[in-house]
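Here the structure comes first, spelled out in structure tokens, and everything after it is commentary.
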Amino acid sequence: MPPTPTPTPTPAHAVFKSPAHLPLIGPSILSGDFGRMEADCRPLLENGADYLHLDVMDGRFVPNLTMGPDMCRWMRKYFPTAALDVHLMVEEPEKFVDAFIEAGATNLTFHVETHKGAVATKLADHIHRAGALCGLAVNPPTDVAPLLDVAGAFDVLLVMSVNPGFSGQAFIPSVLEKAKRIKPLLRKDQRLEVDGGVSPKTAPDCRAAGIDTLVSASAIFGKPPEERKGVMQALRGS
Ligand code: DX5
Ligand code: ZN
């Protein structure tokens, strides 16, 4: 099923839908300095980051609390043209999608563990009609079949390579088998994203499995600012 056309395509949408290059690199601000987020993120966007990834956790779907629409609004204020990729690790994403779209989110990814089949495609349709892109994520222990069933309706398919909740966990290589199954189903305007434990060490295997969009928190923000450009280049394989 093709995604519902988004009403107002913007340059931020184009980062995912018609990328100038692949792979895309998306630093996850979860490992950024929450006291100086704008200053921490600006050099990344000026030095090769293609988008910013915002990890939203509700303390229910995952055992942690992080950020809400207000963080998205501030990022949009300081980075008016950046692509903002909001990862909803929440039990009831339908309660929050409108607030994130109003706050300037470019893409909203929710999880197949909470929404499958027609329930998932209905929410994707709502998000598209409201003007944002939409992604579907699958956790490491979850079978990929329900994601494959509805993949055509999404702009981003996200393979989690850690059990979500925290940055800094070890990459789970077996999830790359899921990426290999998803990849042949995708159109050129769909992205295959990986999130969790992505580092210069694990990125080559991700790229080899067909992943074209890499999220990374601790491998980037865990380095001093002057080394982060090099980390992003290494993730990209350039
Ligand atoms: C996992 C989050 C990730 C996380 C990645 O719960 O969805 O985006 O921040 O962190 P690293 O790259 O450190 O594994
Ligand atoms: Zn994430």
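This one's a predicted model, so the numbers in the text were calculated from it and none came from an experiment. No hydrogens, no waters, no symmetry mates; every other heavy atom, side chains included, goes into these values. If you read the sequence from its start, that first residue is 1, and numbering goes on from there.
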So which atom in V231 and which in P200 form the shortest heavy-atom distance, rounded to 0.1 Å? CG1-CG, 4.1 Å

Within the structure provided, determine whether I211 and P23 are in side-chain contact (heavy-atom separation under 4.5 Å). no

Got L133 and V156 here, is their nearest side-chain heavy-atom distance under 4.5 Å? no

Name all residues meeting the side-chain hydrogen bond (donor to acceptor under 3.5 Å, both in side chains) criterion together with D212; count only those two or more places apart in sequence or in a different chain, and write none if there are none. R191

The criterion is side chain to side chain contact (heavy atoms under 4.5 Å, CB included); which residues satisfy it with S174, sequence neighbours excluded? I172

Atom pair CD1/CG of I182 and L148 - distance to nearest 0.5 Å: 6.0 Å

Without hydrogens or angle criteria, can the side chains of R76 and T106 be said to hold a donor-acceptor pair below 3.5 Å? yes

Hphob cluster co-occupancy, F166 + I29, side-chain heavy atoms under 4.5 angstrom: no

To the nearest 0.5 Å, tell me how far D98 CG sits from H126 NE2. 3.5 Å

Please report the interatomic distance OG(S216) to CE(M232), rounded to the nearest 0.5 Å. 10.0 Å

My understanding is that only residues two or more places apart in sequence, or in another chain, count here; which of them pass ring pair (Phe, Tyr, Trp, His ring centres under 6.0 Å) with H53? H87

By side chain to side chain contact (heavy atoms under 4.5 Å, CB included), D205 pairs with (sequence neighbours left out) L176

If we ignore hydrogens and angles and just use 3.5 Å, is the side chain of R187 paired with the main-chain N or O of G152 as donor and acceptor? yes

Should T142 and H111 count as side-chain neighbours, where that means a heavy-atom distance under 4.5 Å? no

Could you tell me whether the side chain of L24 reaches within less than 4.5 Å of the side chain of L214, counting heavy atoms only? no

In terms of heavy-atom contacts, G104 and C72 come closest through C-SG, 4.1 Å

Co-membership, hydrophobic cluster, residues V215 and L22, 4.5 Å side-chain: yes

Closest approach of A153 and T121, non-hydrogen atoms and distance? CB-CG2, 3.9 Å

Can you tell me which residue pairs pass the ring-ring contact (aromatic ring centres under 6.0 Å, His included) test with a partner in residues 14-33, sequence neighbours excluded? F16-Y51

Is it true that L158 and L52 fall in one hydrophobic cluster, defined by side-chain heavy atoms closer than 4.5 Å? no

Are the side chain of T109 and the backbone N or O of L157 linked by a donor-acceptor pair below 3.5 Å? no

Cut-off 3.5 Å, side chains only: do Q233 and S238 have a donor facing an acceptor? no

Heavy-atom pair of closest approach, residues K183 and G210: NZ-O, 2.9 Å

Could you work out, with side-chain hydrogen bond (donor to acceptor under 3.5 Å, both in side chains) as the rule, every residue matching E94, not counting sequence neighbours? H115

For V162 and A170, work out which heavy atoms get closest and say how close. CG1-O, 3.4 Å

Would you compute the distance between atom CE of M89 and atom OG1 of T114 and round it to the nearest 0.5 angstrom? 12.0 Å

Side chain to side chain contact (heavy atoms under 4.5 Å, CB included) involving K122 - partner list, sequence neighbours excluded: none

For the residue pair V97 and L123, establish whether any side-chain heavy-atom pair is separated by less than 4.5 Å. yes

By the salt bridge (charged side-chain N to carboxylate O under 4.0 Å, His left out) test, which pairs, at least two apart or in different chains, include something from residues 99-110? R73-E102

Passes side chain to side chain contact (heavy atoms under 4.5 Å, CB included), D33 versus E38? Steps please. CA-CA 9 Å; D33 182 335; E38 187 261 344; over 6 Å; no

Reported OG-to-CG distance for the pair S28 and D85, which is rounded to 0.5 angstrom: 9.5 Å

Does the ring centre of F154 sit less than 6.0 Å away from the ring centre of F110? yes

Output for pair (L84 CG, L108 CG), nearest 0.5 Å, gives 10.0 Å

Determine whether the side chains of H13 and D155 contain a donor N or O and an acceptor N or O closer than 3.5 Å. no

Shared hydrophobic cluster, I220 / V194 (ILVMFWY, side-chain heavy atoms < 4.5 Å): yes

Quick one: does any side-chain atom of R42 pair with a main-chain N or O of Y78 as donor and acceptor, under 3.5 Å? yes

So, does T202 use its side chain to make a donor-acceptor pair with the main chain of F171 at under 3.5 Å? no

Once side-chain hydrogen bond (donor to acceptor under 3.5 Å, both in side chains) is applied, do any residues pair with R181, and if so which ones, sequence neighbours excluded? none

Would you list the pairs meeting salt bridge (charged side-chain N to carboxylate O under 4.0 Å, His left out) in which at least one residue belongs to residues 220-231, sequence neighbours left out? D40-R228

Taken in chain and number order and not counting sequence neighbours, the residues that satisfy side chain to side chain contact (heavy atoms under 4.5 Å, CB included) with S218 are S31

Give a yes or no on whether V119 and L88 share a hydrophobic cluster (residues Ile, Leu, Val, Met, Phe, Trp, Tyr; joining criterion: side-chain heavy atoms under 4.5 Å apart). no

Of all the heavy-atom pairs spanning L235 and S199, show the shortest one and how long it is. CD2-C, 3.3 Å

Table please: side-chain donor-acceptor pairs of residues 57-71 below 3.5 Å, with sequence neighbours left out.
| unit_1 | atom_1 | unit_2 | atom_2 | d |
| --- | --- | --- | --- | --- |
| D58 | OD1 | R60 | N | 2.8 |
| D58 | OD1 | F61 | N | 2.7 |
| D58 | OD2 | E91 | N | 2.8 |
| R60 | NH1 | E92 | OE1 | 3.2 |
| N64 | ND2 | G165 | O | 2.8 |
| T66 | OG1 | D55 | O | 2.6 |
| T66 | OG1 | M57 | N | 2.9 |

When you measure from the side chain of N107 to the backbone of C134, do you find a donor-acceptor pair of N or O atoms at a distance under 3.5 Å? yes

Under 3.5 Å, is there a donor-acceptor pair between the side chain of K178 and the main chain of N139? yes

